[in-house]
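So the structure is just underneath, and the comments pick up after that.
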Amino acid sequence: MERVIVIRFGELFLKGKNRDYFESMLIRNIKSALKGVKCAFSRSQGRYFVENFADDDCGELIGRLTRVFGIHSLSVADKVAVRADEDFPEIRQSLVKAAKKAAENTEGKLRFRVTVKRADKRIPMTSAEIAAALGGSVLALGRYKVDLTDYDCDFRVDVRENGVALVYTDVIPGAGGLPVGCSGRGMLLLSGGIDSPVAAYMMAKRGMKIFAVHFASPPYTSDKAREKVAELRDIAEKYAGEIRLFVVPFTDIQLAIHKNCPANMMITIMRRFMMRIACRLAEAHDCGALITGESLGQVASQTVESMTCTGDTATLPVFRPLIGMDKDEIVAIAKKIGTYDTSIQPYEDCCTVFLPKSPVIHPSLASVRKAESPLPVDELVNSALAAVEEC
Ligand code: ATP
Ligand code: MG
């Protein structure tokens, strides 16, 4: 029996005049997720369908589709023929197969209902009449009783216009959110840690196309650290689509701060440079915001006062999607999206180079600006930007 994947999208964002725009983004993202697997995509009556794929590819296709934002849910359906002059033999066969499977390894009677949607108006029976007729085949198994409101199994039958019906039971939750690309672009500050890849996921989920910048301090940070960041980008791309990654050499800036500024302000001033450089890159790539993986109070550089001091040099809004989350909530998402195991590999980050023993926790903006004043800010920023590499 041929199988079809039914894709339902979030209804809410598809209302109103933006519908065509959202849908075109979603369709583009779905097609791009399906690339490399032989199958056919189509849309009809407010749903999308993927068919003509090899049985062995079904799991891979479902895996890819559950990572596409904007998809509400998915089902794998049997595609069967329907003729108006017959008693739905193929639908019954598929239903009985599904009902037997659902009853495997269970005891007692299961409650069920059959839900029919009938687009094919050549069939004279109403949807409810068809459902009642089909229910008879399930009842005949002796393992089920009908319960329309409180059921264990909802067997669904979509009778479509072209003489076929789709029969399915399971509804697989989709990734939710909005299609990537429909909420503008954001420049993510991507370290090698646990948090920033999760921040990418969160903003992509709201439809943002992600670009990323990583600050590296060779020779204090190694090629391995850089490869790790590229690997995190690759994993995040499974959800967010293509993420261009820019690597900024940060050693000269760190050395200049180390030499000219008070040690306890090292991190704060470093972050101010990261913001400046990230904003310049963001503007060059039409990004409307920066994104960081900061979470309130997690470390000294993530207090309100520290973030005020670092945000001071940003000329774009800074989105911090993890700001109100606990570490274990962030870790749970990192594990779900598959970045965790890579994030915990122990390669040094530029922030750990020249780490002061006691960083200031509640810096005042005036004192930080003053501490930074000996530095040739524009010159340092421009030379770092001149040496950016795409990775
Ligand atoms: P993460 O797990 O994302 O590294 P963290 O808990 O280690 O976060 P910090 O090191 O204080 O926190 O970094 C806070 C944020 O600053 C990061 O989430 C990231 O957005 C940004 N950041 C830190 N280091 C770098 C870097 N080397 N390159 C780019 N962005 C960075
Ligand atoms: Mg970090």
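Atoms within a ligand are numbered from 1 in the order they appear, just like the ligands themselves.
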Exercise for the section: Answer yes or no: is there a side-chain heavy-atom contact under 4.5 Å between L232 and S343? Expected result: yes
Practice task
Check the surroundings of atom CD in E2: do more than 12 heavy atoms from other residues, nucleotides or ligands lie under 6.0 Å from it?
Solution key: yes
Practice task
Could you list the atoms of ligand 1 found under 4.0 angstrom from a heavy atom of T292?
Solution key: 20 (O)
Problem - Backbone or side-chain N or O of L189 under 3.5 Å from ligand 1 N or O - result: yes
Handout entry: Of the listed options G192, A334, S191, A225, closest to atom 4 (O) of ligand 1 (non-hydrogen atoms)
Key = S191
Handout entry: Sub-3.5 Å N/O-N/O distance, I194 and ligand 1
Key = yes
Handout entry: Pi-cation contact, Y347 with K228 (under 6.0 Å, within 45°)
Key = no
Handout entry: Atom indices of ligand 1 within 4.0 angstrom of Q302 heavy atoms, with elements
Key = 9 (P), 11 (O), 12 (O), 13 (O), 14 (C)
Practice task
Hey, can you tell me if F246 and F211 have their rings parallel, tilted or perpendicular (30° and 60° cut-offs)?
Solution key: parallel
Practice task
Consider ligand 1: state whether an atom of it lies below 4.0 angstrom from any non-hydrogen atom of T221.
Solution key: no
Problem - Part of L190 within contact of ligand 1 (heavy atoms, under 4.0 Å) - result: backbone
Practice task
Report yes if some heavy atom in the side chain of D150 is under 4.5 Å from a heavy atom in the side chain of R111; otherwise report no.
Solution key: yes
Problem - Six-ring centre of Y48, R8 cation under 6.0 angstrom, axis tolerance 45° - result: no
Handout entry: Contact partition for S196 relative to ligand 1, non-hydrogen atoms under 4.0 Å
Key = both
Fill in the blank from the handout: The residue among K97, R92, R3 that forms salt bridge (Lys or Arg N to Asp or Glu O under 4.0 Å) with D78 is K97
Practice task
Evaluate whether atom CD of E107 has more than 12 neighbouring non-hydrogen atoms of other residues, nucleotides or ligands under 6.0 angstrom away.
Solution key: no
Problem - More than 12 heavy atoms of other groups within 6.0 Å of K101 NZ - result: no
Fill in the blank from the handout: Atoms of ligand 1 under 4.0 Å from any heavy atom of V213, numbered from 1 in the order shown, are 29 (C)
Practice task
Look at atom 9 (P) of ligand 1 and find which of R271, E294, Q298 reaches it with the closest heavy atom.
Solution key: R271
Practice task
Give yes if a backbone or side-chain nitrogen or oxygen of V299 is under 3.5 Å from a nitrogen or oxygen of ligand 1, and no if not.
Solution key: no
Practice task
Please could you name the atoms of ligand 1 that S301 approaches to less than 4.0 Å, counting only its heavy atoms?
Solution key: 11 (O)
Problem - Any N/O pair F215/ligand 1 closer than 3.5 Å - result: yes
